[in-house]
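The figures here come from the full heavy-atom set of this structure, side chains too, leaving out hydrogens, waters and symmetry mates. Per chain, numbering begins at 1; letters A, B, ... match sequence-line order.
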Amino acid sequence: MLNYILRRVLLMIPTLAVISVLVFTIIQLPPGDIITSRLLLLQQQGVDVSQEAIEAMRARYNLDDPLYLQYLRWIGGFLQGDLGYSVQFGQSVNHLIWERLGYTLLLTTTATLFAWLVAFPVGVFSALRQYSLLDYVATVLAFLGLATPSFLLALVLMYLGYAWFGIPIGGLFSPEFAAAPWNGSKLIDLLKHLWIPAVVLGTAGMAGLMRVMRANLLDELGKPYVQTALAKGLHPTRLVIKYPMRIAINPFISTVGWLLPHLISGAAITSIVLSLPTTGPLLLESLRNQDMYLAGSFLLMLSTLTVVGTLLSDILLAVVDPRIRYE
Amino acid sequence: MRDPVTNERHGAEPLLEVLDLRVRIERDTGLVHPLNGVSFRIQEGQSVGIVGESGCGKTMASNALLRILPRRAEITHGSMQFRTQAGDRIDLAQLDPMSRRMRQIRGGEISMIFQEPMTAFSPVHTVHDQIAEMIRLHDPGADKEEQHRRVVELLDQVGIPDPEQRAFDYSFQLSGGMRQRAMIAMALASGPRLLIADEPTTALDVTVQARVLKLIERMQRELNLALMLITHDLGVVAHMVSYVYVMYLGRVVEEGPVEAIFDNPKHPYTAALLRSIPNLASKSRRLEPIEGNVPSADRLPTGCPFHTRCTEKVGDICQQRMPARVELSVGHAVSCFRYTEESLDDG
Amino acid sequence: MMTQATPPRVEPDAGPDLAFASQWRLMWLRFRRHRLAMVAGVVLLVLYFGAVFCEIIAPLGAGQRHRSYVLCPPQEVRLVDAAGDFHFRPFLYGVKQRGNPSDWLREYVVDTSVVYPIHFFTRGPEYEMWGLFATNWHLFGADEGAPLFLFGTDELGRDLFTRILYGSRISLTIGLVGVALTFFIGILLGGVAGYFGGWIDIIVQRGIEIIMAIPQLPLWMALSAALPAHWPPLHVYFGITIILSFMGWTGLARVVRGKFLTMRDEDFVVAARLAGTHELKIIFTHLLPSFLSHVITSATLAVPGMILGETALSFLGIGLQDPVVSWGVLLQKAQNFQAVVMAPWLLLPGLFVVFAVLAFNIVGDGMRDAADPYAN
């Protein structure tokens with residue numbers, strides 16, 4: 001078991017390394033660099049920048065160094081926890097990213113919980129009462145959930161919230177709490193705002209998980225060990241909970257592996273629509289402004305989140321399913 | 001005093017008596033009758049063999065007995081009288097399948113072991129867990145230590161080496177033969193009076209088969225266990241049981257003491273079955289399969305179910321009417337038109 | 001082991017034709033029984049029909065602005081007039097603004113004094129059919145200058161129904177083109193990895209894992225930002241398609257790899273090798289057909305992802321842009337909360353996205369059930 005974990009952790013390192021190279025390459029793709037777009041902005045404002053000033057800025061951000069050197073500098077800083085300086089915002093990237101990353105994590109986790117809490121019982125009932133009304137309704141809703149892009153759902157909810165209840169929906173905090181220090185009421189305010197994005201984000205994942213649960217349970221219910229347990233005289237409800245459900249849940253756990261990147265990705269766009277202080281909107285801004293170091297750092301952070309999340313889910317799976325431990 | 005042929009204690013009531021059992025199942029293609037009027041009887045401590053090819057309904061019969069038929073199947077007719085530990089006779093067909101009473105009997109008084117030991121155990125629970133569960137289900141008073149003691153004792157009895165350790169293994173860590181032994185241990189953990197063995201050795205290697213069969217025999221003797229052995233393997237039957245029921249397409253076509261069936265088969269199907277066994281000692285070098293194929297259950301032949309493949313048909317009557325059961329001698333009966341006139345003649 | 005000779009064989013129920021039916025015919029027959037999938041298939045056909053013939057079906061021009069009808073709500077097509085009389089020819093009532101024509105307090109009321117009958121197979125604004133030849137036939141339309149806004153208009157007075165139709169052409173085809181690319185890359189890499197194994201397999205597998213580790217949308221966003229802003233729309237279109245396939249191929253490659261791995265040691269492959277068949281020929285003539293149905297099913301199920309991807313990117317403004325019309329571009333207007341509140345019909349393109357994705361998912365599901373030889 002320990003071996004298994006160790007192996008997976010060690011594998012993570014080269015994976016992340018390659019991802020960092022990939023990300024770096026991607027952020028170098030757009031022609032020009034942040035200086036170019038800054039210049040454009042300044043020129044549009046009518047400010048004239050001299051050639052020396054341009055070159056000074058270039059030197060300051062090491063933009064004339066060979067690529068590999070820039071990469072190493074970026075990565076080196078990254079590993080030390082220093083993500084560089086954002087030209088666009090005039091702040092250290094750390095300051096910008098960490099808080100947002102925190103909220104992204106919060107949102108993603110809440111969405112996952114929501115997805116699980118709904119998908120699990122509905123999936124189980126769907127399988128046990130196959131072809132019943134509940135099953136059909138659940139299947140239809142699942143399909144709808146899968147088909148509706150999260151941002152559309154967010155828009156619709158925003159509209160309905162306003163049209164029916166007159167409340168503006170968006171943001172994670174009401175205006176009065178936004179800059180306030182943390183306390184109990186701020187937490188409650190957060191929770192009041194959090195559930196909508198969590199629901200929007202979690203819906204697609206929930207729909208998928210529900211189908212997976214249903215399919216898995218149906219699969220397991222047809223297996224011989226269910227017959228054996230029945231022949232022992234076990235009550236059918238207890239039987240289902242103890243045996244097939246226990247096994248059907250395994251892929252459920254491992255799907256967290258794909259759910260996480262999905263959610264992080266979906267969180268990006270949902271946050272933009274709902275104006276949440278998470279990584280999405282900032283990523284978009286930085287891309288628009290070609291603040292590529294900021295964008296790259298974001299991308300790398302998000303990828304790390306994903307890789308770590310997948311690792312955790314694999315470990316969890318090994319804990320739950322002895323077959324994996326012993327192979 | 002036991003009847004040497006049927007092993008019946010004269011005057012004793014059978015442990016289990018199934019009369020004219022009919023089961024119907026709903027398929028996409030329509031209604032199908034996998035059991036079309038099956039009757040058999042098992043005495044206490046007796047081993048009975050239910051023999052037939054795949055599709056004859058033998059597994060369906062055992063499932064009906066334990067009331068664990070699939071969802072779209074139901075018993076439409078017949079009775080299954082079982083004499084419980086307490087001494088009362090209950091018709092299992094009348095019980096609600098998931099009622100407490102039925103669940104007590106299922107596993108507690110009638111136990112079953114299955115063909116594929118690999119898939120019969122849950123892969124994510126230890127063997128110990130699953131056997132202890134059986135003990136707990138039918139002896140709620142047993143505490144954890146008692147359960148553990150009995151699990152180890154059972155595993156030892158069935159011949160699993162180092163039972164204290166191996167009890168905590170998962171089923172995939174055991175070999176095929178050991179898994180089957182563990183399954184037998186699990187089935188016997190509750191002290192049942194009737195063990196249904198559904199193709200217990202089909203999935204095992206030949207050498208392992210013999211050992212498992214010996215084990216079953218031994219457990220039977222030690223526990224005075226009645227055995228209902230379901231199989232298509234006549235060789236297994238020959239060694240294990242004292243009485244045989246031959247089934248074809250949901251009906252019993254012949255029944256009798258094992259020697260009578262093997263030495264003097266009366267029904268053409270039984271005879272054909274015996275002939276088809278490859279036999280190195282026989283003079284002819286050619287295999288003798290039974291002609292034709294088993295008709296599918298949703299298109300049952302009219303009249304005698306075997307007439308489509310029978311080489312000894314009496315006449316048109318074979319496809320028009322169902323032959324009645326005729327007792328040829330003590331304990332030996334057959335359902336075939338070749339014998340109906342004769343038995344009338346004999347008087 | 002002593003048993004009787006042959007295990008009984010149960011004859012298939014159907015007549016002799018079924019025994020010789022090809023794999024595809026069998027699949028089609030099974031698919032046909034899946035009523036929901038059939039309905040979804042019809043929906044898809046209708047949508048694609050609309051995409052192909054959008055110029056004819058749309059009553060107006062995609063870029064045509066109707067300055068007096070900015071942000072007009074959807075109009076009702078009627079058969080019964082205000083007096084309660086029935087007319088065979090459907091018609092619309094006129095629409096006029098109430099109150100002062102100041103910008104945001106715009107309100108439209110139905111004007112029952114003006115009637116605009118709808119004509120079929122009429123002449124309307126000119127267009128270039130498929131960019132090839134100019135004509136001005138339309139399936140239906142009203143008189144010149146008459147308001148015929150089935151889905152309302154946007155803030156520039158452009159008919160939403162028309163734009164949704166034109167948009168379907170882009171949104172629906174991006175999915176197909178993207179999937180075709182995915183198909184190609186996925187089968188190639190997955191097949192090579194599964195068939196040859198060894199370090200090729202390891203490299204491809206690690207590659208897949210790495211790509212799948214990066215969150216999809218942020219990656220797409222970053223890649224889209226790399227597209228030069230001055231590129232002509234067609235280039236952008238293909239750029240986006242390539243970007244979308246960039247992540248899509250991984251799923252397919254995995255499936256293909258798995259299949260190749262299990263099948264390359266199958267007897268029929270060994271037999272082909274022994275017969276001296278060239279490796280590539282083995283791959284294409286022997287292995288590929290046996291799981292083609294699964295691959296096609298995977299491809300069908302991948303299309304929704306592409307459609308959603310393009311919609312998301314364009315919605316964010318980093319995909320396609322005006323004047324190119326796609327459902328995502330149309331939804332861009334809805335990014336503004338105020339706009340949505342005032343004109344909720346601007347969300348209608350989203351409904352079409354949902355329909356298309358839903359239909360593809362259902363059809364894909366049906367195909368999967370039909371292709372599975374082990375389903376009852």
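The list of salt bridge (Lys or Arg N to Asp or Glu O under 4.0 Å) pairs with a residue in residues 194-223 of chain A, not counting sequence neighbours, reads A:Asp135-A:Arg214, A:Arg211-C:Asp365, A:Glu220-A:Lys223.
Nearest approach of A:Ala138 to A:Met210, heavy atoms of both residues: O-CE, 3.0 Å. Residues B:Met228 and B:Leu194 come closest through the heavy atom pair N-CD1, 4.1 Å.
Side chains of B:Pro161 and B:Met178 form a contact here, defined as non-hydrogen atoms less than 4.5 Å apart.
For a residue to count as touching a neighbouring chain, one of its non-hydrogen atoms must lie under 4.5 Å from one of that chain's; by this rule B:Leu66 touches chain A with the side chain only. If you measure heavy-atom distances from B:Gln130 to chain A, the contacts under 4.5 Å come from both the backbone and the side chain. When heavy atoms are compared at a cutoff of 4.5 Å, B:Phe114 approaches chain A solely by way of its side chain, counted from C-beta outward. For B:Arg100, no part lies near chain A; criterion is any non-hydrogen pair under 4.5 Å.
Contact count against chain A (heavy-atom pairs under 4.5 Å) is highest for B:Ala120 among B:Gly107, B:Ser122, B:Ala120, B:Ala187. Between chain A and the residues B:Met186, B:Gln104, B:Glu116, the largest count of heavy-atom pairs under 4.5 Å involves B:Met186. Contact count versus chain B (heavy atoms, under 4.5 Å) is highest, among A:Pro236, A:Pro224, A:Ala229, for A:Pro224. No other option in A:Gln227, A:Arg246, A:Lys242 has as many heavy-atom pairs under 4.5 Å with chain B as A:Lys242.
Taking the six-membered ring for Trp, B:His125 and A:Tyr243 have ring centres closer than 6.0 Å.
Neither side chain, B:Glu109 nor B:Thr84, offers a donor N or O lying under 3.5 Å from an acceptor on the other.
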